[in-house]
Asks: 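What follows is a structure written as structure tokens; I'll ask about it next.
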Amino acid sequence: MPKKQDLPVSHNSDQRPAVIYARVSHAKQKTKGAGIDSQITRCREFASYKGYAVQAVFEDDASGSLTARPGMNAALDHLRKIADQDPVLLIDDISRLARGLDAHLALRRSIASAGGSLESPSIEFGEDSDSQLVENMLASVAQHHRQKNGEQAKNRMRARLMDGYWPFAKPVGYRFSRHPIHKNWLIPDEPAASLVRAAIEGFASGRFASQAEVTRFLQDQPGFPKPPSTGRVTQERVFVMLRNKIYAGYIENEGWNVSLRKGKHEPLVSWETFLKVQDRLERKDTPASIRKNESNDFPLRRIVTCCECNKPLTAGWSRSKSGKL
């Protein structure tokens with residue numbers, strides 16, 4: 001979320017008004033390197049040197065490739081309010097404005113149209129051709145750094161995949177744990193792990209006749225995490241869970257050319273169980289509807305198995321002319 005620090009407005013007509021804009025790509029960067037505080041400090045020192053009166057400070061936790069940022073939008077609104085005073089927007093470094101040439105040029109136009117000008121203690125902006133060439137080159141370098149960082153991060157994540165570790169968001173039923181050898185790896189997260197296991201094994205065995213029944217089972221479990229926005233388990237989420245090889249102890253990523261391999265994490269179900277689930281999904285012979293009497297009149301339906309064939313028992317009412325018997 002953007003943060004604005006309101007400061008007393010100077011009534012000295014000799015001082016040019018200024019606002020400070022500081023940005024980090026992630027909240028964790030606020031206290032590291034060119035964090036928010038260090039950016040603001042350098043801009044304050046620069047404003048004091050130039051004799052500017054700083055009126056407000058605006059912050060963003062957002063990617064440098066974006067132009068629509070809450071903090072930047074608020075800064076532009078402030079510039080428009082004081083446009084008749086020839087205001088200045090101060091940034092610590094050109095990369096704090098943007099990390100892409102297109103985004104940089106778009107924001108430069110927005111600042112100019114808001115009635116402000118851009119200044120920094122790290123670079124002197126100008127309207128002549130040489131100054132603009134240097135500015136565009138620095139913006140291109142910032143874009144290159146962003147792209148290079150992305151490539152390096154992807155390469156590290158792919159290497160982790162190749163070694164059998166999951167580098168993406170944790171699947172429900174797992175959590176990440178630090179390990180002296182495995183580093184950041186997946187371990188079962190109870191009670192969700194046991195519920196996921198019960199859902200997958202239940203579908204494989206036929207205890208749950210459809211994905212809809214799996215959905216209802218998980219919805220009724222307080223220990224199964226649900227989206228805060230809806231509090232509901234969707235069938236789409238269940239479908240993805242039933243097809244996820246990670247629960248059987250395997251990982252792959254076709255998009256990154258990482259073939260199927262054994263993961264270093266603990267599986268929740270066996271590979272055989274996973275294959276049974278895929279077979280049921282491919283055959284598409286499971287009903288989509290949820291039986292209304294599943295947990296009311298027949299709570300043990302599809303839970304108790306036959307001692308002869310080992311298949312789940314079914315249940316139903318015998319009806320006569322008088323109704324239920």
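Below, all heavy atoms of this structure are taken into account, side chains as well, without hydrogens, waters or symmetry copies.
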Asks: Output a table of donor-acceptor pairs, distance under 3.5 Å, between side-chain atoms of residues 189-202 and any protein atom two or more places apart or on a different chain; print 'none' if there are none.
Replies:
| residue | atom | partner | partner atom | Å |
| --- | --- | --- | --- | --- |
| Glu190 | OE1 | Ser194 | N | 3.2 |
| Glu190 | OE1 | Ser194 | OG | 2.7 |
| Glu190 | OE2 | Ser194 | OG | 3.2 |
| Arg197 | NE | Leu268 | O | 2.8 |

Asks: Pair Leu186, Ile246 - check side-chain contact (heavy atoms from CB on, under 4.5 Å), show working.
Replies: CA-CA 10 Å; Leu186 290 175; Ile246 203 168; 3.6 Å; yes
Asks: Do you know which two heavy atoms are closest between Ser140 and Leu101, and how far apart they sit?
Replies: OG-CD2, 3.8 Å
Asks: Compare all side-chain heavy atoms of His265 with those of Trp166 and state whether any distance is below 4.5 angstrom.
Replies: no
Asks: Apply side-chain contact (heavy atoms from CB on, under 4.5 Å) to Asp128 and Gln132, showing your working.
Replies: CA-CA 6 Å; Asp128 60 282; Gln132 291 185 11; over 6 Å; no
Asks: Taking C-beta and beyond as the side chain, do Asn244 and Pro171 meet within less than 4.5 Å on heavy atoms?
Replies: yes
Asks: Could you tell me whether the side chains of Arg69 and Thr67 share a donor-acceptor contact shorter than 3.5 Å?
Replies: no
Asks: Applying ring pair (Phe, Tyr, Trp, His ring centres under 6.0 Å), name anything that partners Trp256, two or more places apart in sequence or on another chain.
Replies: Phe168
Asks: Are the side chains of Thr215 and Thr234 in touch, meaning some heavy atoms are under 4.5 Å apart?
Replies: no
Asks: Let me check something: any side-chain donor-acceptor pairs from residues 221-232 under 3.5 Å, sequence neighbours excluded? List them with distances.
Replies:
| residue | atom | partner | partner atom | Å |
| --- | --- | --- | --- | --- |
| Gln221 | NE2 | Phe217 | O | 3.2 |
| Lys226 | NZ | Gln221 | O | 2.7 |
| Lys226 | NZ | Phe224 | O | 2.8 |
| Thr230 | OG1 | Arg232 | N | 3.3 |

Asks: Let me check something: do Met157 and Tyr250 share a hydrophobic cluster, defined by ILVMFWY side-chain heavy atoms less than 4.5 Å apart, either directly or through other members?
Replies: no
Asks: Between Ser113 and Ser110, do the side chains contain a donor N or O and an acceptor N or O under 3.5 Å apart?
Replies: no
Asks: With sequence neighbours left out, write down each residue that passes ring pair (Phe, Tyr, Trp, His ring centres under 6.0 Å) with His182, or none if nothing qualifies.
Replies: Tyr165, His179, Trp185
Asks: Quick one: does Pro70's side chain get under 4.5 Å of Asp60's, heavy atoms only?
Replies: yes
Asks: Could you check whether any side-chain heavy atom of Arg158 comes within less than 4.5 Å of a side-chain heavy atom of Asn257, counting everything from C-beta outward?
Replies: yes
Asks: Taking atom NZ of Lys81 as the centre, report whether more than 12 heavy atoms of other residues, nucleotides or ligands fall under 6.0 Å from it.
Replies: no
Asks: Step by step, would you call Asn149 with Gln152 a side-chain contact (heavy atoms from CB on, under 4.5 Å)?
Replies: CA-CA 5 Å; Asn149 290 340; Gln152 291 175 344; 3.9 Å; yes
Asks: Does Phe274 reach the side chain of Leu242, with side-chain heavy atoms less than 4.5 Å apart?
Replies: no
Asks: Treating Ile, Leu, Val, Met, Phe, Trp and Tyr as nodes and any side-chain heavy-atom pair under 4.5 angstrom as an edge, say whether Ile123 and Leu89 lie in one connected cluster.
Replies: yes
Asks: Test Arg207 against Glu213 for salt bridge (Lys or Arg N to Asp or Glu O under 4.0 Å), laying out the working first.
Replies: CA-CA 9 Å; Arg207 172 191 169 189; Glu213 292 186 8; over 6 Å; no
Asks: Do NZ/NE/NH1/NH2 and the carboxylate oxygens of Arg16 and Asp86 come within less than 4.0 Å?
Replies: yes
Asks: Going by the rule side chain to side chain donor-acceptor pair (under 3.5 Å), which residues pair with Glu119 if we only count those two or more places apart in sequence or in a different chain?
Replies: Tyr52
Asks: Minimum heavy-atom separation for Gly71 and Phe58, please, with both atom names.
Replies: O-CB, 3.7 Å
Asks: Side-chain contact test, heavy atoms from C-beta onward, threshold under 4.5 Å: evaluate it for Glu45 versus Lys50 and give yes or no.
Replies: no
Asks: Taking 4.0 angstrom as the limit, do Arg261 and Glu252 come out as a salt bridge?
Replies: no
Asks: Could Arg80 and Asp77 be called an ion pair, given the rule that one side-chain N must be under 4.0 Å from one carboxylate O?
Replies: yes
Asks: Between Arg96 and Glu59, is there a side-chain N and carboxylate O pair less than 4.0 Å apart?
Replies: no
Asks: Not counting sequence neighbours, which residues clear side-chain contact (heavy atoms from CB on, under 4.5 Å) with Ala22? List them please.
Replies: Ile36, Gln39, Ile40
Asks: Between Ala209 and Arg280, which heavy-atom pair has the shortest distance, and what is it?
Replies: O-NH2, 3.3 Å
Asks: Keeping Ser120 on the side-chain end and Asp92 on the backbone end, is there a donor-acceptor pair under 3.5 Å?
Replies: yes
Asks: Using side-chain heavy atoms (C-beta onward) and a distance below 4.5 Å, is Val88 in contact with Phe46?
Replies: no
Asks: Which heavy atom of Arg23 sits nearest to which heavy atom of Ser63, and what is that distance?
Replies: NH1-C, 3.7 Å
